[in-house]
Structure formats: structure tokens, C-alpha cells
Amino acid sequence: MRVQVRNILLLPIFFVLAIAQEKELDWWETTIFYQIYPRSFKDSNGDGIGDLNGITENLQYLKDLGIGATWLSPIFKSPMYDFGYDIADFYAIQEEYGTMEDFDRLIAKANELDIKIVLDFVPNHTSNESVWFEEALKGHEKYYDYFIWEDGVVDENGNMHPPNNWVSVFRKSAWEYREEVGKYYLHQFVIGQPDLNFRNQDVVEEMKNIVRFWLDKGVAGFRVDAIAHLFEVDKELYGGRFPDEPLAGNGDDDPENYGYLDHIYTKDQDETFDMVYQWREVFDEYKGKDGLTRVMMTEAYSSPQLTMRYFGEGDREGAQMPFNFVLISDVDGSSTAAEIKYALDKFLTFKPIDKLSNWVAGNHDNNRVASRFSPEMVDGINMIVLLMPGIAVTYMGEEIGMVDGYVSWEDTVDPSGCNTDDPINYWTASRDPERTPFQWNAEQNAGFSTGAATWLPVAEGYETLNVEVQSVTERSNLNVYKKLAQLRTEPAFRHGRYESVAFNNDVFAFKRWRNGEIYVVVVNFRGDSYTIDLSYFENVTGQLETIVSGIQSPKNAGETFEASRVEILGSESVVFKVL
Ligand code: GLC
């Protein structure tokens with residue numbers, strides 16, 4: 001009897017201990033980051049191009065979705081050869097997007113709504129119309145050394161050729177000749193994007209000052225563009241000339257294709273990681289001043305081992321979010337449930353134990369979820385992105401299941417599409433389809449713009465696939481998304497553990513649990529129906545309550561099912577809670 005009384009008395013102490021163990025999470029660890037491609041989000045002045053005021057006016061939409069931070073693709077002054085990733089002035093706003101006052105208003109409104117603004121930092125290159133490059137061409141030595149120059153190769157007939165076989169990510173030689181200086185400059189992306197020389201300390205300082213300028217303006221961090229390309233091999237190790245890259249040997253036999261070569265001298269160089277850690281030091285200077293963590297997201301399509309190095313090394317910290325691109329690079333609509341599980345486990349397996357994972361299913365460089373998987377899989381993918389352990393990232397439009405737009409060869413503007421020189425197959429390389437205007441409503445230009453024309457055509461089907469229609473349709477991708485965004489604030493999703501399984505070729509499921517609260521998320525990637533025994537998962541027994549169901553599901557919230565025999569229909573996705 002005495003023992004029992006003691007146990008009862010101890011219970012609340014155990015409870016308090018369990019709660020106390022709950023680590024307090026910082027803003028970026030629990031939020032959803034929503035990527036806005038400013039050119040396509042909302043045009044406030046009728047010129048057919050999205051702008052800053054369009055974003056400011058619609059921040060409430062993000063708030064209503066349950067979003068706490070947004071990262072914006074570049075808004076800086078640019079001739080737009082790569083739609084803003086070619087920056088002519090890192091300190092100025094592109095005129096068609098607005099003014100610095102508009103930017104300040106955006107920040108003010110975002111602060112009011114408690115939405116963090118994250119900008120795109122593009123350190124690898126400038127625009128060929130930047131003052132730095134123009135000064136370099138004039139022979140100004142300081143700025144000449146900001147870029148990567150190399151002599152051409154002259155053949156026996158006296159013809160000049162590029163220094164070596166390096167190719168641009170967007171096809172063709174990565175070298176461009178400039179008569180003014182009699183040399184070639186390196187551009188790993190378009191001709192209008194000369195690579196910066198990060199072996200020059202002035203460049204390093206210049207870029208840190210740019211970071212400081214925008215942090216002073218109130219931004220909460222940066223997405224770092226094309227980071228894997230930052231350094232090239234030190235040519236002094238190769239007799240003063242950049243060596244040819246070896247052939248990839250992967251069957252790609254077009255020497256103009258990026259995939260033709262193995263990029264051992266232009267990608268993933270060791271020095272890159274040190275630079276990321278240096279930027280983190282700048283971020284932390286700011287945190288030291290006001291306590292707010294500035295977040296860094298790094299964009300690298302690299303191996304998991306290399307991706308993890310962005311987190312930091314030894315006692316040096318790096319990016320909090322090296323982008324986890326598995327849902328983009330490793331799987332698509334043809335993947336089996338086992339392949340999905342394998343891909344999702346990758347980052348979780350490789351990441352350091354004290355770091356968080358992040359989940360990204362779309363961005364402005366890759367086809368949309370509804371097109372890469374299928375429109376039926378939109379809710380299932382959103383369940384994965386929002387309910388897996390870690391940080392969620394959503395590309396604008398994925399919450400309503402936008403599809404890739406059709407953009408004819410004539411209308412194609414993306415350099416990656418144009419550089420194919422192929423009016424038939426250009427669409428396989430073009431990134432215009434995932435950049436078509438955001439679909440707000442069924443009005444002209446999907447409510448994106450009141451202008452006569454938009455910079456890219458609006459995708460077909462916007463009359464029914466848009467925010468307005470989905471807001472008033474009870475079962476819509478948008479309403480499912482909102483419920484998921486709310487659900488992810490539960491302790492089981494914030495702090496809970498994770499286990500997953502492929503029940504068969506088509507059905508993938510995962511369990512999240514914390515302090516006796518257990519959820520199971522089931523996603524059927526194909527059209528066949530199955531009866532699934534969810535009691536495979538430990539402690540998943542008895543009755544399950546439907547918490548959120550995708551639009552393909554006939555199950556209603558609150559309906560209960562026997563854990564050992566749950567009927568899962570084709571393309572159905574459901575979140576259950578163990579009663
Ligand atoms: C990144 C951007 C892409 C851009 C490239 C060059 O991959 O996401 O849009 O074209 O870098 O800056």
C-alpha cells in the first residue's frame with residue numbers, strides 16, 4: 001500500500017520532468033518557409049510583372065496559410081538574363097519590382113504579421129552589367145581581379161578557342177571572350193553571369209558587406225544560391241592554367257551539355273564550406289546584438305555527404321538548412337513506396353544528430369509537384385513536407401496544386417530553355433513552366449495582373465484551379481494544406497519521433513509520436529485500393545481517428561477505423577490519430 005501511494009505521488013514529478021525535457025525551439029525550427037518567385041506572385045501596377053507591393057498586399061494570405069517566413073527569389077537590380085540571378089547592383093531594388101521604400105514597407109508589414117523575410121543571396125556571380133564588371137573591362141585592376149580570367153588557346157590556323165572544355169550549367173562553353181581585355185571570363189551560368197573570384201579577399205569582404213546591408217534592413221536570413229559552384233580549383237596547382245574536366249561517361253555524348261563532364265574542378269570545392277562558415281559568423285554577429293537567429297539555407301544539388309558539410313564542421317557552424325532536395329531529385333510519380341521511403345530516410349540518416357532536417361518538394365527551377373508526381377498526389381506530398389520531422393519549405397502554388405504551365409517555344413524566355421536551340425524538346429530544360437503566374441482567382445490573368453499581357457502566360461485551367469475557388473471548397477488542396485500547417489504545431493510533429501514503412505509497392509506510411517500521442521500518415525502513391533494493417537506500428541492498435549484527409553479520400557475528420565484493417569483507396573492520403 002505504501003509503495004503504491006509513493007508511486008502516485010511521483011507521477012506528477014515524472015510528468016514535469018518529461019515536459020522540462022522538451023527543448024525550446026527557435027522560430028526557424030518550427031516554421032514553414034514559403035518561397036515567393038516575385039516576378040510571378042502578384043502584379044500590383046498592371047505591367048504584367050509581379051512586384052514587391054504585390055507581395056506586401058498579400059502577406060495576409062501567407063499568414064492565413066500558417067506560414068511564418070518567406071524567402072524571395074532575387075529582387076535586386078538586374079538586366080534579367082537569368083531573371084534576377086544576374087545581379088547588376090546588390091544594393092538596389094529592380095525598378096519593375098519597386099523601390100527601396102516599397103521594400104521597407106514590405107518589411108514593416110511582415111513585422112506586423114510576424115512573418116520573417118529571407119532574401120536570395122547570389123554570391124557566385126554578378127551581372128555583366130555590374131559596375132564591377134564594367135570597371136574590370138576598362139582595365140581597372142582592382143575589379144579585374146574580382147572575376148576569373150584565362151587566356152584562350154590559339155590553334156595552328158591562328159584561331160582562338162576557349163581556355164578549356166568547361167561547360168555552363170545552361171549548356172555551351174563556360175568561357176566568353178572579351179576583346180577589351182583580350183581574355184576569356186568564366187561564367188558557370190549564362191554569359192551575363194560572370195563568376196566572381198572568391199580567392200580575392202576584396203570579393204570576400206564585398207559579399208559580407210552585402211549580407212550586412214540587408215541584415216541591417218531587417219531580413220531574417222538568406223537562401224544562398226548555387227553555392228556548390230562558388231570556387232574553382234586553384235589553378236596554381238596545375239601550372240597556372242585551369243585543367244580540362246574529365247568526361248562523365250554517363251552516356252551523354254553532347255560536349256555542349258553540362259552533364260557531359262564530371263565537374264571535379266568547378267563544383268563542391270573544399271574552400272566553399274569555409275566561406276559558408278564565415279557567412280554564418282556574420283549572421284551570428286547580428287544574433288549577438290539582438291538575439292534573433294538569422295537563418296541560412298544553402299542550395300546545392302550534391303551528395304548527402306557533401307550536403308551535410310554545409311551544416312558545419314568541428315566547432316564551426318554553417319547553414320541551418322542545407323536544402324534537402326530528395327523529393328525533387330530522387331523520386332517522382334513513378335517511384336515505388338519503397339523508393340520514397342529510401343529517399344526520405346537519406347537526409348535523416350546522414351544529418352548530424354543535433355541538426356534538423358528540411359523538406360522541399362518544389363522550387364522555381366523544377367517542375368511542379370502536380371506535374372512531376374500527379375495532381376492526385378498533391379495532398380500526399382504536402383503531408384510529407386509538412387509532417388515529417390524538421391522544417392517545411394513550400395514553393396508558392398504548391399498549396400493549391402498548381403500544374404506546370406504550357407509555354408510555347410516562341411514565348412520561352414528561360415535561358416536554360418532557350419540555350420537548347422531546340423524548338424521541339426526545349427521544354428525538358430526550360431524552367432518557365434513552373435514559373436507561370438500565381439493563380440489567385442478566375443478573373444483575367446488568374447487575378448495575377450490587370451495588364452494586357454503577363455511576362456509568362458497563365459497556366460491553363462486557372463478558372464477552377466485557384467486560391468479563391470479552393471478557399472470556398474471544403475475539400476480542396478488549399479484547405480488540406482491549412483489543416484496540415486495547423487497540425488504540425490502539435491508536439492508529436494514538433495518534437496516527436498519518426499518511423500516509416502512501405503506497406504507494398506504503392507502505400508507509404510509514417511508514424512509520429514510523443515508522450516502517448518500517436519499519429520500515422522498514410523499516402524497511397526497509385527490508383528489501386530488496399531486494406532492495410534496499421535498495427536504493424538508499435539502501439540497503433542484499436543481505433544484510429546481521421547484527423548486530416550486529402551481530397552482523394554472519402555474519409556471525414558472524426559470518422560474512426562479499426563487499426564488492423566484500414567481500407568486505403570487509390571491516391572488516398574490520410575492522417576490518423578490513435579484513440
Ligand atoms: C540557382 C537558381 C537558378 C539560377 C542559378 C544561377 O540554381 O535557383 O534559378 O539560374 O542558380 O544563379
Side-chain angles (χ1 to χ4, degrees), residues 33 35-41 50 70-88 90 94 118-130 133 147-148 166-172 174 176 185-196 198 207 210 222-232 258-259 263 266-268 272 276 296-302 306-307 310 319 321-325 328-329 360-368 393 395-396 404 407 412-420 429-436 455-456:
F33 287 84
Q35 181 194 353
I36 290 181
Y37 193 70
R39 208 172 172 78
S40 299
F41 189 57
T70 174
W71 76 267
L72 313 180
S73 282
I75 53 173
F76 318 106
K77 189 164 185 258
S78 163
M80 296 286 157
Y81 293 118
D82 190 20
F83 296 97
Y85 283 94
D86 48 324
I87 300 173
F90 289 92
Q94 168 74 354
V118 171
L119 292 185
D120 212 322
F121 176 46
V122 186
N124 182 65
H125 39 260
T126 68
S127 157
N128 58 349
E129 295 182 17
S130 67
F133 195 70
F147 300 94
I148 314 262
W166 294 0
V167 280
S168 145
V169 173
F170 299 140
R171 272 175 58 80
K172 305 182 186 177
E176 181 74 4
Y185 68 86
L186 178 70
H187 61 89
Q188 293 200 60
F189 294 88
V190 299
I191 290 171
Q193 288 167 311
D195 267 53
L196 283 164
F198 269 84
M207 297 319 274
I210 291 163
F222 289 93
R223 174 259 190 188
V224 185
D225 181 76
I227 184 67
H229 300 266
L230 201 67
F231 276 86
E232 294 69 46
Y258 190 65
H263 303 284
T266 53
K267 232 191 129 208
D268 302 321
T272 311
V276 166
M296 193 191 323
M297 314 149 111
T298 44
E299 186 221 15
Y301 292 84
S302 301
L306 285 166
T307 304
Y310 290 105
M321 295 170 64
F323 274 134
N324 173 13
F325 288 132
I328 290 175
S329 305
V360 191
N363 59 35
H364 64 297
D365 293 329
N366 291 283
N367 297 105
R368 284 195 172 274
V393 185
Y395 177 48
M396 65 178 211
D404 283 343
V407 184
T412 292
V413 288
D414 175 32
S416 181
C418 298
N419 273 6
T420 61
S430 175
R431 299 168 298 175
D432 290 335
E434 58 266 22
R435 297 174 178 181
T436 57
W455 81 281
L456 279 177

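Atoms within each ligand, like the ligands themselves, are counted from 1 in listed order. For reference, positions follow the sequence shown, starting with 1. Being a predicted model, the structure only gives us computed values, none of them experimental.
Using a heavy-atom distance under 4.0 Å as the criterion, the protein contacts of ligand 1 are D82, Y85, H125, F170, F189, Q193, R223, D225, A226, E299, H364, D365, R431, R435.
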(request) Check step by step if side chain to side chain contact (heavy atoms under 4.5 Å, CB included) holds for W455 and V413. (result) CA-CA 9 Å; W455 81 281; V413 288; 3.8 Å; yes
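The main-chain N or O of V407 is never found under 3.5 Å from a side-chain atom of D432 such that the two would form a donor-acceptor pair. The main-chain N or O of G417 is never found under 3.5 Å from a side-chain atom of T412 such that the two would form a donor-acceptor pair.
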List, one per line, each side-chain donor-acceptor pair under 3.5 Å for residues 76-84, sequence neighbours excluded.
{"unit_1": "S78", "atom_1": "OG", "unit_2": "M80", "atom_2": "N", "d": "2.8"}
{"unit_1": "S78", "atom_1": "OG", "unit_2": "D86", "atom_2": "O", "d": "2.7"}
{"unit_1": "S78", "atom_1": "OG", "unit_2": "D86", "atom_2": "OD1", "d": "3.0"}
{"unit_1": "Y81", "atom_1": "OH", "unit_2": "E129", "atom_2": "OE2", "d": "3.1"}
{"unit_1": "D82", "atom_1": "OD1", "unit_2": "R431", "atom_2": "NH2", "d": "3.0"}
{"unit_1": "D82", "atom_1": "OD2", "unit_2": "Q193", "atom_2": "NE2", "d": "2.9"}

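Contact of the V118 side chain with the L72 side chain is not registered, since no non-hydrogen atoms from C-beta on lie closer than 4.5 Å. Within the 4.5 Å cutoff, no side-chain heavy atoms of P74 are placed close to those of F121.
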